[in-house]
Protein chains: 2
Amino acid sequence: MTTTKERILDASSELFRRQGLTGTGIKQVLAVAHAPFGSLYHHFPGGKDQLAAETIARAGSWYGQMVMEKLLSISDPVESIRAAFLAAGETLESTGYADACPIETIALEVASTNEQLRVACHEVFEAWVAGLAAWLEGGGVAPTDTRPLALTIISTLEGAFVLARVARSTGVLAATADAMALLVSDSISRASRG
Amino acid sequence: MTTTKERILDASSELFRRQGLTGTGIKQVLAVAHAPFGSLYHHFPGGKDQLAAETIARAGSWYGQMVMEKLLSISDPVESIRAAFLAAGETLESTGYADACPIETIALEVASTNEQLRVACHEVFEAWVAGLAAWLEGGGVAPTDTRPLALTIISTLEGAFVLARVARSTGVLAATADAMALLVSDSISRASRG
DNA sequence: GTCTATAAACCGATAGAC
DNA sequence: GTCTATCGGTTTATAGAC
């Protein structure tokens with residue numbers, strides 16, 4: 001059973017991802033959620049900022065889990081990384097180049113304008129980096145390499161989303177998939193050599 | 001001598017970069033530009049959309065040229081790429097993590113909401129990729145590798161900007177600088193061997 | 001407690017004074 | 001042609017009806 005608050009957060013997640021935070025009105029969120037206007041301030045007394053903060057944390061956690069599950073489903077880490085980038089491209093294409101990272105647009109909008117939301121976005125990315133670094137270490141990457149490599153992989157995915165969405169093409173995800181697979185492969189073979 | 005139109009475009013470039021397109025009002029742009037309100041519709045009859053389109057093209061061209069000049073100033077392509085990433089980090093830090101890519105926030109905002117501006121952003125990125133690919137070929141990268149490598153480098157830089165701005169740290173630019181230098185180095189040595 | 005009606009401010013855009 | 005005053009619409013937020 002879905003509660004009103006969950007429906008509101010589902011709607012805000014989708015709209016913020018496609019239109020950004022400042023580009024989305026709370027009335028539009030409530031219309032999509034099929035909730036009356038006043039219910040927003042009942043469930044989110046802090047108004048739009050609180051809605052945004054909870055949306056960032058919830059959508060960020062959901063997206064990170066989804067990506068990690070995809071990585072864990074393939075045993076070879078090099079092919080896992082490649083598959084994750086290609087799968088992101090397929091999702092993008094099948095949603096009309098709308099559904100990429102749920103917090104990226106918000107992150108750029110708030111980075112210099114809203115300290116509280118900036119920190120909320122940072123915490124999501126930091127959790128992703130930590131999770132990916134741990135997974136890389138389990139896959140045979142040297143411990144000193146895991147964090148820089150995780151930062152690079154997530155940065156590249158986020159940047160590829162920007163180029164792919166404005167190009168309406170998955171080419172950049174194919175190119176970055178190969179590059180990231182090569183970096184992971186290099187790192188593992190360097191660790192095994194000593 | 002700076003014209004009113006140039007002052008308006010300078011102001012819109014800075015404000016759109018920091019606050020995004022939907023987060024910036026045209027009244028705020030004119031206030032920063034020290035221009036009266038009516039002058040916007042004199043110089044930009046198409047209103048905010050025309051202002052945005054010209055801002056994207058102008059700021060995008062300026063930023064691409066600036067980065068390319070930085071790349072050309074160092075002879076070794078591997079160290080050029082590393083230096084460009086590190087320099088971007090220094091600029092970011094010295095501007096309070098505000099001045100990154102001038103069109104990235106706009107690109108994500110308009111990708112699914114404004115077809116004309118989406119294309120304008122795509123054209124800017126496409127010009128950057130073509131310029132960087134040509135530069136890489138001149139540096140010894142195999143012709144078949146130049147475009148995928150250019151796409152990867154620009155994607156990684158754009159993504160690193162997102163993480164760096166919300167983290168208020170240049171660490172991700174240091175990590176990605178090393179990774180991109182490694183990719184370029186690998187590509188050049190692969191070309192020279194085969 | 002759920003929801004409607006409205007407030008106060010701001011948006012992009014335009015008409016028209018000078 | 002430069003600029004001001006204002007339009008209609010929309011924004012977030014709140015007050016209060018039921």
Side-chain angles (χ1 to χ4, degrees), chain A residues 1-56 105-106 108-110 112-118 120, chain B residues 1-56 58 105-106 108-110 112-118 120-121:
Chain A
M1 189 229 155
T2 63
T3 67
T4 299
K5 186 168 183 177
E6 280 171 343
R7 284 205 320 279
I8 292 173
L9 285 168
D10 285 342
S12 64
S13 299
E14 178 165 325
L15 290 168
F16 290 167
R17 158 148 82 172
R18 301 191 181 208
Q19 308 176 344
L21 178 62
T22 55
T24 302
I26 52 177
K27 286 183 179 175
Q28 190 184 3
V29 172
L30 293 162
V32 170
H34 299 290
F37 182 71
S39 67
L40 186 126
Y41 290 92
H42 174 69
H43 295 290
F44 304 91
K48 195 182 188 182
D49 278 359
Q50 186 185 345
L51 172 63
E54 295 196 26
T55 302
I56 291 164
T105 311
I106 307 176
L108 288 175
E109 288 180 285
V110 304
S112 300
T113 59
N114 186 315
E115 186 65 7
Q116 175 207 349
L117 297 180
R118 191 215 103 218
Chain B
M1 190 230 152
T2 63
T3 66
T4 300
K5 185 167 183 177
E6 280 171 342
R7 285 207 319 281
I8 292 174
L9 285 168
D10 286 343
S12 64
S13 299
E14 179 164 325
L15 290 168
F16 291 166
R17 160 147 83 171
R18 301 190 181 206
Q19 307 176 345
L21 177 62
T22 55
T24 303
I26 53 178
K27 288 181 180 174
Q28 189 184 3
V29 172
L30 292 162
V32 170
H34 298 293
F37 182 71
S39 67
L40 185 126
Y41 290 92
H42 173 70
H43 295 290
F44 304 90
K48 195 183 189 181
D49 278 358
Q50 186 184 346
L51 173 63
E54 294 196 26
T55 302
I56 290 164
R58 185 168 175 271
T105 311
I106 307 176
L108 288 176
E109 288 180 284
V110 304
S112 301
T113 59
N114 187 314
E115 185 65 8
Q116 175 206 350
L117 297 180
R118 190 216 104 215
C121 290

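Keep in mind that this is a model prediction, so the values were computed, not measured. Reckoned from all heavy atoms, side chains included, excluding hydrogens, waters and symmetry mates.
- Between the side chains of A:T55 and A:S13, no donor-acceptor pair is found at a separation under 3.5 Å.
- Atom CG in B:L30 sits about 14 Å away from atom P in D:dT2, given to the nearest Å.
- Between the CZ atom of A:F37 and the C1' atom of D:dA13 there is a distance of 7 Å, rounded to whole Å.
- The CZ-P distance, from B:R7 to D:dT2, rounds to 12 Å in whole Å.
- Going from atom CD of A:Q50 over to atom P of D:dT12 covers 15 Å, rounded to whole Å.
- Counting any heavy atom pair closer than 4.0 Å across all strands shown, A:T22 reaches no nucleic acid atom.
- In this structure, the side chain of B:R118 does not engage the main chain of B:V110 through any donor-acceptor pair within 3.5 Å.
- Residue A:H42 has a polar side-chain atom (N or O) positioned under 4.0 Å from OP1 or OP2 of C:dT2.
- Atom CZ in B:F44 sits about 14 Å away from atom P in D:dT2, given to the nearest Å.
- Residue B:K48 places its side chain closer to C:dA13 than to any other of C:dA13, D:dT4, C:dT4.
- Using a 4.0 Å heavy-atom distance criterion, A:G47 is classed as a sugar-phosphate-only contact.
- Regarding A:D49, its CG atom lies at a distance of 11 Å from the C1' atom of D:dT12, rounded to whole Å.
- Residues A:T113 and B:Q19 bring no donor and acceptor atom of their side chains to less than 3.5 Å of each other.
- Spacing between atom OH of A:Y41 and atom P of C:dA7 amounts to 17 Å, rounded to whole angstrom units.
- Ion pairing of B:R58 with B:D10 is present here, as a side-chain N (NZ or NE/NH1/NH2) and a carboxylate O approach within less than 4.0 Å.
- In this structure, NZ of A:K27 is placed 14 Å from C1' of C:dC3, rounded to the nearest angstrom.
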